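Read through the structure below, which is laid out as structure tokens, and then see the notes.
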Amino acid sequence: MRKFRMATVGLGHRGRQMLCDVARCVDCIDAVAVCDLTPDLFYKPVHFYYGGDMPPLKEELPALHFYTDYEEMLDTEKPDVVMVETPAQCHAQFCALALKRGIHVYSDIPTVGTLEDADMLWKVRKESDAMLMTGATTCGWGFVLALQDLCKQGLLGKPFFLEAEYIHDCRMLWEETPWRRPGPDNKPNPAYYCTHSLGPLLSVIDEDLRTVSCVSSGSFVSGNPWAEDICSATFQTDSGVIVRMTKSGVNNAKIGHHSYRVFGSEGYFEHLSERGSEPARTRFNSTKLYGANKLTELPVTFTPNEGEEWSHKRPRSTFGHGGADAWLWYKFAEALQAGAKEAPLDLKAGLRMTLPGIFAGESIKRKGEIVKLHYPWDND
Ligand SMILES: NC(=O)c1ccc[n+]([C@@H]2O[C@H](COP(=O)([O-])OP(=O)(O)OC[C@H]3O[C@@H](n4cnc5c(N)ncnc54)[C@H](O)[C@@H]3O)[C@@H](O)[C@H]2O)c1
């Protein structure tokens with residue numbers, strides 16, 4: 001088996017966890033180097049809200065070399081793969097610097113922070129021989145794979161109204177990750193973090209989203225006047241398919257984070273998040289399947305292909321959001337081994353689920369006015 005040397009940039013809770021999991025579970029990856037602006041995240045014990053107390057990374061993975069300068073790391077270590085885990089708005093530059101050097105990229109979401117970054121990255125990727133894999137966690141969930149299968153088999157007919165909710169009170173992360181804390185110098189577009197919602201929905205429709213109207217609540221909950229508690233966006237495709245997204249980062253709703261519903265011409269699908277003691281549930285009905293004309297529960301969970309030996313390399317070596325991150329990483333590792341030219345979830349997939357949130361932010365500024373969407377590939 002060919003081995004790939006991996007460097008990681010960004011050692012916050014997410015980068016640290018992903019790095020350690022990938023180093024432990026993905027056989028073809030050798031973690032060789034890490035980069036962060038804060039050396040303490042490598043040399044000292046750390047505490048994260050998600051993850052708790054951890055020993056110095058230097059002790060956990062002693063073979064790693066540490067850098068504070070990303071380009072110096074790339075040029076010294078010459079890795080085959082880079083994993084990008086920097087704050088959400090600044091992935092594009094790190095991805096581009098790697099792709100320009102022919103280094104494959106596994107990038108966390110959202111893919112880009114601005115339309116200019118999207119054009120830049122699209123161009124850089126086209127001129128590179130390296131792959132960019134979009135680490136869109138929610139696309140690896142078991143119930144999303146089930147939805148994709150229902151659609152592929154025609155059991156839902158044509159999806160024409162799809163909706164997703166991402167309701168996650170993130171106030172406890174404001175101190176640890178200042179880029180999440182709204183303030184006079186940081187007014188995050190509340191629709192920006194849309195990939196968790198749109199990724200699964202866009203994976204079952206073959207058109208891009210073309211218009212959006214989005215409104216945002218302002219601040220009711222936290223006392224932070226710059227917070228936007230909840231926003232609601234309605235997108236539409238050229239053929240009339242509607243996609244609705246509700247996204248909240250500040251709330252007092254004690255419910256599970258993610259729900260999805262798909263109305264198809266021949267059926268219906270829903271995954272509703274847990275409510276207190278009621279577990280999350282996935283159900284569907286179809287006019288095309290004998291016995292499924294009534295709402296029918298599907299025995300699927302977050303874990304992809306639960307119970308099957310879905311990793312031929314290390315069955316059951318699973319990690320990240322019920323196994324979704326592992327599933328995506330194993331797909332990427334297979335593509336690396338095969339010398340593939342495109343990643344399983346490529347840059348286009350990442351931009352399709354990221355750019356709608358940027359346009360939705362523009363609509364919010366214009367009080368819900370309908371805004372037209374465009375993509376870097378429109379001119380290709
Ligand atoms: N897929 C998921 O479900 C999921 C979950 C959580 C976070 N995320 C994503 O993971 C990423 C990281 O999130 P986090 O919560 O760990 O954030 P974080 O702020 O804790 O970590 C980011 C790290 O990047 C470092 N950094 C910033 N600029 C840098 C630079 N120029 N060079 C080197 N290092 C630099 C910071 O010092 C920080 O340690 C974000 O993009 C977020 O959207 C994804």
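Just so you know, these numbers use all the heavy atoms, side chains as well, and skip hydrogens, waters and symmetry mates. Just so we're clear, the structure is a prediction, and the values are computed from it rather than from any experiment. Both ligands and their constituent atoms are indexed starting at 1 by order of listing.
If you check the side chains of R261 and S259, you find no donor sitting under 3.5 Å from an acceptor. Side-chain atoms of E270 and Y268 form a donor-acceptor pair, as typed in the model, at a separation below 3.5 Å. Judged purely by distance below 3.5 Å, without hydrogens or angles, the side chains of E175 and Y49 never pair a donor atom with an acceptor atom. Side chain to side chain, Q236 and T211 fail the donor-acceptor criterion of an N or O pair below 3.5 Å. Side-chain N/O atoms of T287 and E266 include a donor and acceptor closer than 3.5 Å. A side-chain donor-acceptor contact under 3.5 Å links W122 and D380.
Closest protein heavy atom to atom 12 (C) of ligand 1: E85 O, 3.3 Å. The protein atom (non-hydrogen) at minimum distance from atom 35 (C) of ligand 1 is L37 CG, 3.7 Å. Among protein heavy atoms, the minimum distance from atom 5 (C) of ligand 1 is reached at R14 CD, 3.7 Å. Nearest to atom 11 (C) of ligand 1 among the protein's heavy atoms is T86 O, 3.3 Å. When hydrogens are left out, the protein atom nearest atom 23 (C) of ligand 1 is D36 OD2, 3.6 Å; that is the closest non-hydrogen contact. D108 OD1, 3.1 Å is the protein heavy atom nearest to atom 44 (C) of ligand 1. The protein heavy-atom contact nearest to atom 3 (O) of ligand 1 is H321 CE1, 3.2 Å. The nearest heavy-atom contact from the protein to atom 1 (N) of ligand 1 is T137 OG1, 2.8 Å.
Distances shorter than 4.0 angstrom do not occur between any heavy atom of F48 and any atom of ligand 1. Ligand 1 is never approached by Y70 to a heavy-atom distance shorter than 4.0 Å. Contact between Y50 and ligand 1 is absent, with no heavy atom of the residue lying under 4.0 Å from the ligand. Taking 4.0 Å as the cut-off, H91 counts as a neighbour of ligand 1 on heavy-atom distance.
The pair R16-E60 counts as a salt bridge, with a side-chain nitrogen and a carboxylate oxygen less than 4.0 angstrom apart. Checked for salt-bridge contact, R125 and E342 meet the test: a charged N lies under 4.0 Å from a carboxylate O. Salt bridge annotation for D325-R14: present, with a cationic side-chain nitrogen under 4.0 angstrom from a carboxylate oxygen. Between E297 and R281, at least one side-chain N (NZ, or NE/NH1/NH2) sits under 4.0 Å from a carboxylate O, which counts as a salt bridge.
Ligand 1 places these atoms under 4.0 Å from at least one heavy atom of C35: 33 (C). Interface of G10 with ligand 1, defined as ligand atoms under 4.0 Å from a residue heavy atom, comprises 23 (C), 24 (O). In the vicinity of L41, heavy-atom distances shorter than 4.0 Å reach the ligand 1 atoms 39 (O). For ligand 1, the atoms sitting less than 4.0 Å from at least one non-hydrogen atom of H196 are 1 (N), 2 (C), 3 (O), numbered in the order shown with element in parentheses.
Across the listed options H257, R16, R180, R180 owns the non-hydrogen atom lying nearest to atom 15 (O) of ligand 1. Between the choices Y67, F94, Y49, Y192, the shortest heavy-atom distance to atom 30 (C) of ligand 1 belongs to F94. Scanning Q17, H13, M73 for the heavy atom closest to atom 14 (P) of ligand 1 points to H13.
Judged by distance alone, the side chain of N224 and the main-chain N or O of S219 form no donor-acceptor pair under 3.5 Å.
Looking at ligand 1, you won't find any N or O of T68 less than 3.5 Å from one of its N or O atoms. For ligand 1, the polar-atom distance check finds an N/O of Y193 within less than 3.5 Å of one of the ligand's N/O atoms. Geometrically, ligand 1 and W179 share a nitrogen or oxygen pair separated by less than 3.5 Å. Inclusion of I109 in the set of residues having an N or O under 3.5 Å from an N or O of ligand 1 is warranted.
Here SG of C231 is found 14.5 Å from OH of Y193. Values are rounded to the nearest 0.5 Å.
Neither the backbone nor the side chain of E176 comes within 4.0 Å of ligand 1, counting heavy atoms alone. Contact annotation: for V9 versus ligand 1, heavy atoms closer than 4.0 Å belong to the side chain alone.
Summarising the local packing, CG of L295 is surrounded by more than 12 heavy atoms from other residues, nucleotides or ligands at distances under 6.0 Å.
Minimum interatomic distance between V112 and Y192 (heavy atoms only, all atoms of both residues): O-OH, 3.0 Å.
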Salt bridge (Lys or Arg N to Asp or Glu O under 4.0 Å) between K348 and D346, intermediate numbers included: CA-CA 5 Å; K348 187 171 185 181; D346 60 9; over 6 Å; no

